[in-house]
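Written below as structure tokens is the structure these notes are about.
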Amino acid sequence: MKKYVNAREVLPESLIKEIQKYVKGQHIYIPQTERQTWGESTGIRKELEQRNEEIVRRFESGISIQQLSKLFNLSADRIRGIVYERQT
């Protein structure tokens, strides 16, 4: 979880006074206007997509679900999900 930022560090005093009319000493959350999708900022989404493509390639080359499960340290059900999701 990200740490809080003091409003005085980022907002003009006039805006702080206006907000204080409605919220006094409470924590408030101000949502982002544009959000990155899951895993975009860390690169994990791309890594998982590449891993899943490799799983599908190996499955199509004849490696069994059980072998892929051991190789990628995933359950057989998860491997099936990846393989069949890519085939549709």
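Please read these numbers as outputs of a predicted model, since none were measured by experiment.
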Exercise for review: May I have the step-by-step check of side chain to side chain contact (heavy atoms under 4.5 Å, CB included) for Leu74 and Ile55, ending in yes or no?
Suggested key: CA-CA 11 Å; Leu74 296 170; Ile55 288 170; 4.0 Å; yes
Distance from [X] atom [atom1] to [Y] atom [atom2], nearest 0.5 Å?
X: Ile65; Y: Ile79; atom1: CD1; atom2: CD1; value: 7.0 Å
X: Gln20; Y: Glu13; atom1: CD; atom2: CD; value: 7.0 Å
X: Gln67; Y: Arg58; atom1: CD; atom2: CZ; value: 10.5 Å
X: Phe72; Y: Ile63; atom1: CZ; atom2: CD1; value: 7.5 Å

Tell me every residue that passes side chain to side chain contact (heavy atoms under 4.5 Å, CB included) with [X], counting only those two or more places apart in sequence or in another chain.
X: Val5; answer: Glu9, Val10
X: Leu48; answer: Trp38, Ile44, Arg51
X: Ile30; answer: Ile28
X: Pro12; answer: Ser14, Leu15

Excluding sequence neighbours, so at least two apart, what forms side chain to side chain donor-acceptor pair (under 3.5 Å) with [X]?
X: Ser75; result: none
X: Glu49; result: none
X: Asn6; result: none
X: Arg45; result: Thr37

Review point. So which pairs with a foot in residues 20-34 pass salt bridge (Lys or Arg N to Asp or Glu O under 4.0 Å), sequence neighbours left out?
Key: Glu18-Lys21
Review point. Would you say Tyr29 and Pro31 make side-chain contact, with heavy atoms under 4.5 Å?
Key: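 With C-beta onward as the side chain, the pair touches.
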Review point. Who are the salt bridge (Lys or Arg N to Asp or Glu O under 4.0 Å) partners of Arg57, not counting sequence neighbours?
Key: Glu54
Review point. Side chains of Gln66 and Ser69: donor-acceptor distance under 3.5 Å anywhere?
Key: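 No donor-acceptor contact under 3.5 Å links the two side chains.
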Revision key, fill the gap. For Leu11 and Ile16 the tightest heavy-atom approach is O-CD1, 3.7 Å
Practice item. Grab the two heavy atoms, one from Val83 and one from Val56, that are nearest each other, plus how far apart they are. Key: CA-CG2, 4.1 Å
Point to revise | Exam field: side chain Glu85 to backbone Ile82, donor-acceptor pair closer than 3.5 Å | key: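 The answer is no, because no donor-acceptor pair under 3.5 Å joins these two groups.
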Check your understanding: Does Tyr4 belong to the same Ile/Leu/Val/Met/Phe/Trp/Tyr cluster as Ile19, with side-chain heavy atoms less than 4.5 Å apart forming each link?
Key -> no
